[in-house]
Amino acid sequence: MQSRYKRLVSIVGFALGITGAFFVGFKLYDYIDEVNFRTLGFLKVLYLSLLPFIYGISGILLAVSWRNILTFTGKSTDTYFAIKTYGISQIAKYIPGNIFHLASRQVIGAGYGIPHSALAKSAFFEILLLVVSGSLFLPLVLPFLFKSLSAYFVVFLFTIAVLSAYFLIGKFINNFLAKSLGLHVLFLCISGLVFFAVLVILLDDINTFSGGISYIIGVYVIAWLVGLVTPGAPAGVGIREIVLLFLLNSTVPESVLVLSIVCNRIVTISGDLIFYLLSSALPSKKN
């Protein structure tokens with residue numbers, strides 16, 4: 001009876017993952033239809049096509065972070081299992097409702113014997129740490145309000161904020177949560193760098209670009225954060241784009257900015273799909 005239950009919840013979890021992949025296909029079709037890749041040129045398309053692999057592989061950071069959070073809740077798991085489960089379930093974030101990746105992880109984890117309570121706690125702390133991690137990037141967007149602030153100064157503030165959060169969480173709460181925070185910050189930095197790369201690739205004249213790399217990363221992460229905390233927005237679709245347009249309209253030529261936002265969404269969706277496929281191919285083990 002117990003083995004039958006485990007098979008059932010595993011099937012449900014994987015079904016949610018496949019459903020998420022199905023929605024990703026529709027999203028990709030919609031976004032790709034908006035871009036005429038023939039006008040971009042071969043080299044730009046080639047460079048852009050490499051970015052989904054960078055973004056997709058960076059998803060491993062989130063999976064390892066989730067493993068650390070599970071360890072904090074009292075349930076240690078195998079790294080392969082964490083990557084496989086996270087990658088398969090994460091794709092379900094594209095299903096309207098914005099919670100199905102958490103539900104998928106819950107049922108897959110339960111199918112492998114992880115207590116529901118530990119999985120629920122891990123979901124709560126993961127969301128909490130993601131919000132905290134994203135908030136740490138706020139100093140990087142201060143130049144939007146205070147034009148005179150130098151990039152070096154805001155990067156210094158950002159560094160102090162990250163180190164302080166890491167130290168305080170590690171000292172007063174738990175070292176595993178501190179490590180998770182660090183992995184989340186690293187993932188968000190990579191995400192911001194990917195968006196910056198999209199902008200640079202699409203710019204015909206770099207002199208028309210007036211934003212620094214730290215500002216672009218900060219703006220992207222804050223836009224991602226707003227999308228994360230907005231209820232019912234699958235993977236922040238629509239919300240993230242609006243924030244990016246608002247904060248970068250005076251920094252990047254509007255035509256390039258709109259194209260960059262669309263191409264970046266293609267990159268991130270494709271990257272999530274790559275992570276899903278790689279995770280599905282991994283063997284899962286249980287400690």
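For this chain, numbers begin at 1 and follow the sequence in order.
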Taken in chain and number order and not counting sequence neighbours, the residues that satisfy side-chain hydrogen bond (donor to acceptor under 3.5 Å, both in side chains) with Thr268 are none
Test side chain to side chain contact (heavy atoms under 4.5 Å, CB included) applied to Phe72 and Asn175, step by step = CA-CA 8 Å; Phe72 163 72; Asn175 281 328; over 6 Å; no
One pair to check against side chain to side chain contact (heavy atoms under 4.5 Å, CB included): Asn68 and Leu177. What are the steps and the verdict?
CA-CA 7 Å; Asn68 284 332; Leu177 289 186; over 6 Å; no
Shortest non-hydrogen pair, Lys84 vs Ser279, comes out as CG-O, 3.2 Å
Separation between CG (Leu51) and SG (Cys263), nearest 0.5 Å, reads 10.0 Å
Between Trp66 and Ser122 the two heavy atoms that sit nearest each other are NE1-OG, 3.2 Å
Q) Under the side chain to side chain contact (heavy atoms under 4.5 Å, CB included) criterion, do Phe158 and Cys189 qualify, and how do the steps go? A) CA-CA 12 Å; Phe158 166 70; Cys189 284; 4.3 Å; yes
For Ile222 and Phe137, the nearest pair of non-hydrogen atoms, with its separation, is CD1-C, 4.2 Å
Distance col, row Leu228:CG vs Leu130:CG, nearest 0.5 angstrom, shows 6.0 Å
So ring pair (Phe, Tyr, Trp, His ring centres under 6.0 Å) across residues 241-267, not counting sequence neighbours, yields Phe144-Phe246
Point to revise | Lys75 (side chain) donor-acceptor with Leu70 (main chain) under 3.5 angstrom | key: no
- Message: With heavy-atom distances below 4.5 Å as the criterion, would you say the side chains of Phe153 and Leu142 are in contact?
- Response: no
Between the CG atom in Leu62 and the CD1 atom in Ile83, the distance rounded to the nearest 0.5 Å is 11.0 Å
Exercise. For Ser89 and Tyr86, indicate whether the former's side chain and the latter's backbone hold a donor-acceptor pair under 3.5 Å.
Key: yes
One should read off an interatomic distance between Ser214 OG and Phe196 CZ, to the nearest 0.5 angstrom, of 9.5 Å
* Electrostatic pair Lys121:Glu126 at N-O distance under 4.0 angstrom -> no
Should the pair Phe195 and Tyr220 be assigned to parallel (<30°), tilted (30 to 60°) or perpendicular (>60°) ring geometry?
parallel
Using distance alone, with no hydrogens and no angle criterion, decide if Trp224 and Ser191 have a side-chain donor and acceptor under 3.5 Å apart.
-> no
Distance col, row Leu257:CG vs Leu245:CG, nearest 0.5 angstrom, shows 5.0 Å
Worksheet entry | Pairwise side-chain contact, Ile114 with Phe81, heavy-atom cut-off 4.5 Å (strictly under) | yes
Flag side-chain contact, heavy atom, 4.5 Å: Leu193 against Ile213 = yes
- Query: Any sub-3.5 Å donor-acceptor pair from Arg105's side-chain atoms to Gln90's backbone N or O?
  - Reply: no
Contact between Leu188 and Ser133 at the side-chain level, heavy atoms closer than 4.5 Å - yes or no?
yes
To the nearest 0.5 Å, atom CG of Leu244 lies from atom CG of Asn249 at 11.5 Å
Exactly one candidate in Leu43, Asn264, Ile201 meets side chain to side chain contact (heavy atoms under 4.5 Å, CB included) with Leu48; the answer is Ile201
Q.
Is there a side-chain contact between Leu163 and Thr159 in this structure, where contact means two heavy atoms from C-beta onward sitting under 4.5 Å apart?
A. yes
Contact between Leu248 and Ile216 at the side-chain level, heavy atoms closer than 4.5 Å - yes or no? yes
Run the side chain to side chain contact (heavy atoms under 4.5 Å, CB included) check on Ile57 and Phe275 step by step: do they pass? CA-CA 6 Å; Ile57 292 173; Phe275 184 34; over 6 Å; no
Nearest heavy-atom contact between Leu202 and Lys44 is O-NZ, 3.5 Å
Checking Ser180 side chain against Ser65 main chain: does a donor-acceptor pair fall under 3.5 Å?
yes
All heavy atoms of Ser260 vs all of Val198, minimum pair found to be O-CG1, 3.6 Å
Closest non-hydrogen contact found for Val141 with Gly218 is CG1-C, 3.3 Å
Contacts satisfying ring pair (Phe, Tyr, Trp, His ring centres under 6.0 Å) that involve residues 166-187 (not counting sequence neighbours) are Tyr55-Phe187
